S.K.: 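Just dropping this structure here.
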Number of protein chains: 2
Amino acid sequence: MNPNEFLKHIAYDSVVFGFSGEKLKILVMKYKNTDYYALPGGFVGLEEDLNSAVRRGLKERTGLDNIFLEQFYTFGNVDRSKPEFMRAIMEANGGINESSWMLDRFISIAYYALINYDDVELTPDAISESCDWYDLDNLPELIFDHNEILEKALATLRSNLETKLMGVNLLSTMFTMKDLQKVYEAILGEKLHRGAFQRKILGMNLLKRHEKQFSGAAHKAPFLYSFEK
Amino acid sequence: MNPNEFLKHIAYDSVVFGFSGEKLKILVMKYKNTDYYALPGGFVGLEEDLNSAVRRGLKERTGLDNIFLEQFYTFGNVDRSKPEFMRAIMEANGGINESSWMLDRFISIAYYALINYDDVELTPDAISESCDWYDLDNLPELIFDHNEILEKALATLRSNLETKLMGVNLLSTMFTMKDLQKVYEAILGEKLHRGAFQRKILGMNLLKRHEKQFSGAAHKAPFLYSFEK
DNA sequence: TATTTATTGTCTCAAACTGTGACAATATTA
DNA sequence: TAATATTGTCACAGTTTGAGACAATAAATA
């Protein structure tokens, strides 16, 4: 990494949510030759828009464009930077070169993303051993203030969930009402009443109903929906 | 300003709301010897927490500690920085010295504050001619992307207004239900129904009711309230 | 002093919304 | 053909919300 390529003292971190059947998951990276786990993050090019930098990082790691992405908070305390950890990570990657700027203090702009679990092709970056899904209820300890960032992402997601039916971004283009309900239940962490849920969602007039499709299961087939507008 | 004192490329801007009788107002600064108006902003010390930097700036300009303050968005597009304007401002202040770092690109973390209009003692900073209240519906044109920042602040304030009865921060410690309703109406930009408003607010159980106080007006005297919890 | 006026605190009624269970419809299996 | 699991929808009760009504009351007025 060329120290003259990026804005100093500025980083971003992203909380990337996915949904697989029943559980909410997030993307976590593991740094090479360490036991340090972290949220996917990165730096902002000298002539690059902040949002573009985040999208670039997500594209590199997931292969996806046009991700549902929202900025939710900027973490700027002095004590959030831990040069000891950063040094250890860099040494585990072949020693500290010119990039000692990475040991400086960083302000981090945090984003959350909602993506379709099945669409991603995960690629760790140069200093990471892995970039993988972890169940939200079975996460490794994260370094820096990344646990706090995750908590705030989740709180923001919960409180914004109603707006624009954003939960649909965790599903593929066609889904059943039950699929969507599972997403809501996983995010909110509670069971919802089927009838009321359906009534509320349909009342938003944001979904398009398609032909039923026989699921092969021994019961009435559900409608399929897609998100419109 | 010493260029080695602050984090480069990082600034904050604050949208400071006040309420006077009927109207919502915000604080706007005017740069010396120019016609440029801007939101109060500033920089972050090398060893200073981001939130502390913003509180420091507000303290300097309003004299107030313990302000109700919330971060709401970080603006990071490349084209938000306008070196021409910055250069003009600096030249109007006695020329460009070593501080050419101020001509660089900046990412700005934006906050809004709610304060009691009557408590402030306004003090312009070194390069400003004035720091004053302006009616929200009668603002001068602001430089950079400050109009956009203001719009987003207002939108965030509107959508968060219910939480924690934050409107009380625009009033003095004791206020009537009518005072509070005026605040809500000014922020939301619509008339509210008196009975329903009172019922809703009292239902939150966040206000303490005090003795009535004869207002001198020719009608039943209202209760006074203060915000508890 | 009695009356008028403006505003307050509270209530009631209707309309809208929400939580809950119920029921018929239906795709597959037995 | 019957049994089973799940779906789409509805009915009902309980709750919340919008709107007007009414008595209480502080001061001005007659």
Side-chain angles (χ1 to χ4, degrees), chain A residues 19 21-22 158-165 167-168 171-172 174-228, chain B residues 19 21-22 158-165 167-168 171-172 174-228:
Chain A
F19 181 74
E22 298 283 327
R158 282 186 180 131
S159 83
N160 291 353
L161 191 54
E162 308 303 325
T163 61
K164 295 182 299 175
L165 257 189
V168 298
L171 299 170
S172 49
M174 300 284 265
F175 50 87
T176 67
M177 195 55 72
K178 178 160 216 166
D179 293 334
L180 190 57
Q181 187 176 340
K182 293 269 185 201
V183 166
Y184 271 67
E185 290 175 343
I187 292 174
L188 298 174
E190 59 181 335
K191 289 281 168 206
L192 301 175
H193 185 277
R194 193 175 57 90
F197 181 77
Q198 179 138 204
R199 182 175 53 198
K200 186 176 75 175
I201 299 295
L202 291 181
M204 293 179 177
N205 283 318
L206 295 173
L207 293 186
K208 180 168 179 190
R209 179 178 279 187
H210 298 267
E211 285 304 302
K212 288 187 179 185
Q213 182 176 286
F214 299 142
S215 60
H219 53 76
K220 190 172 175 180
F223 287 113
L224 289 178
Y225 295 91
S226 66
F227 180 66
E228 305 286 308
Chain B
F19 181 73
E22 299 283 326
R158 281 185 181 134
S159 81
N160 292 353
L161 190 53
E162 308 303 324
T163 61
K164 295 182 298 177
L165 258 187
V168 299
L171 298 170
S172 49
M174 301 283 266
F175 50 87
T176 66
M177 195 54 73
K178 178 160 215 160
D179 292 335
L180 190 57
Q181 187 176 341
K182 293 268 185 203
V183 166
Y184 272 67
E185 290 176 342
I187 293 174
L188 297 174
E190 59 181 335
K191 290 281 170 207
L192 301 176
H193 185 277
R194 192 174 58 89
F197 180 78
Q198 180 138 204
R199 182 175 55 197
K200 186 177 75 175
I201 299 295
L202 291 180
M204 292 179 179
N205 284 318
L206 295 172
L207 293 186
K208 180 168 181 190
R209 177 178 280 186
H210 298 269
E211 284 304 302
K212 288 186 179 187
Q213 182 177 285
F214 299 143
S215 59
H219 53 77
K220 190 173 176 179
F223 287 114
L224 288 178
Y225 296 90
S226 65
F227 181 65
E228 305 287 309

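Each chain gets a letter, A, B and so on, in the order its sequence line appears, and its residues count up from 1. The structure presented is a predicted model; accordingly, all values stated were derived computationally and were not measured.
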S.K.: Among all residues two or more places apart in sequence or in another chain, which pass the side-chain hydrogen bond (donor to acceptor under 3.5 Å, both in side chains) test with B/S226?
M.R.: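 Once residues adjacent in sequence are excluded, the partners of B/S226 under the side-chain hydrogen bond (donor to acceptor under 3.5 Å, both in side chains) criterion are B/H210, B/E228.
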S.K.: Could you list by number each residue of residues 185-202 of chain A showing a heavy-atom separation from DNA chain C of less than 4.0 Å, or answer none if no residue does?
M.R.: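 Those residues whose heavy atoms fall under 4.0 Å from DNA chain C, taken from residues 185-202 of chain A in numerical order, are A/H193, A/R194, A/A196, A/R199.
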S.K.: Can you run down the salt bridge (Lys or Arg N to Asp or Glu O under 4.0 Å) pairs that involve residues 206-217 of chain B, sequence neighbours left out, and say none if there aren't any?
M.R.: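 Salt bridge (Lys or Arg N to Asp or Glu O under 4.0 Å) check on residues 206-217 of chain B returns no pairs.
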S.K.: Once salt bridge (Lys or Arg N to Asp or Glu O under 4.0 Å) is applied, what residue pairs with a partner in residues 178-192 of chain B remain, sequence neighbours excluded?
M.R.: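 Non-adjacent pairs meeting salt bridge (Lys or Arg N to Asp or Glu O under 4.0 Å): B/E22-B/K182, B/E185-B/K191.
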S.K.: Name all residues meeting the side-chain hydrogen bond (donor to acceptor under 3.5 Å, both in side chains) criterion together with A/R158; count only those two or more places apart in sequence or in a different chain, and write none if there are none.
M.R.: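 Here no residue qualifies.
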S.K.: Under the side-chain contact (heavy atoms from CB on, under 4.5 Å) test, which residues partner A/A218, sequence neighbours left out?
M.R.: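 If we apply the side-chain contact (heavy atoms from CB on, under 4.5 Å) test to A/A218, skipping adjacent residues, there are no hits.
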S.K.: Under 4.0 Å from a heavy atom of chain B: give me the 5'-most and 3'-most nucleotides of DNA chain D that qualify.
M.R.: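 Answer, 5' to 3': D/dT17 to D/dA27.
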S.K.: Can you give me the closest heavy-atom contact between A/L207 and A/F175, atom names plus distance?
M.R.: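 Scanning both residues, the minimum pair turns out to be CD2-CZ, 3.8 Å.
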S.K.: What protein N or O atoms touch nucleotides 27-30 of chain C N or O atoms at under 3.5 angstrom, if any, and at what distances?
M.R.:
residue, atom, partner, partner atom, Å
C/dA27, O4', A/H219, O, 2.7
C/dA27, N3, A/A218, O, 3.2
C/dA27, N3, A/H219, N, 2.9
C/dT28, OP1, A/G216, N, 3.3

S.K.: Provide the full list of salt bridge (Lys or Arg N to Asp or Glu O under 4.0 Å) pairs with a residue in residues 197-206 of chain B, sequence neighbours left out, each pair given once.
M.R.: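 Non-adjacent pairs meeting salt bridge (Lys or Arg N to Asp or Glu O under 4.0 Å): B/E162-B/K200.
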S.K.: Rounding to 10°, can you tell me the angle the first-five-pair axis of the helix from C/dT1-D/dA30 to C/dA30-D/dT1 makes with its last-five-pair axis?
M.R.: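 Angle reported: 20°, given to the nearest ten degrees.
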S.K.: Would you please name every residue forming a side-chain hydrogen bond (donor to acceptor under 3.5 Å, both in side chains) with B/Y184, sequence neighbours left out?
M.R.: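 Per chain and number, B/Y184 pairs via side-chain hydrogen bond (donor to acceptor under 3.5 Å, both in side chains) with no residue.
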S.K.: Side-chain contact test, heavy atoms from C-beta onward, threshold under 4.5 Å: evaluate it for A/Y225 versus A/L202 and give yes or no.
M.R.: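 Side-chain contact under 4.5 Å: yes.
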S.K.: Nearest whole Å is fine: how far is C/dG9 C1' from B/E211 CD?
M.R.: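 Those two atoms, CD and C1', are 15 Å apart.
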S.K.: Only counting residues at least two apart or in another chain, list the ones meeting side-chain hydrogen bond (donor to acceptor under 3.5 Å, both in side chains) with B/Q198.
M.R.: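 With sequence neighbours excluded, B/Q198 shows a side-chain hydrogen bond (donor to acceptor under 3.5 Å, both in side chains) to no residue whatsoever.
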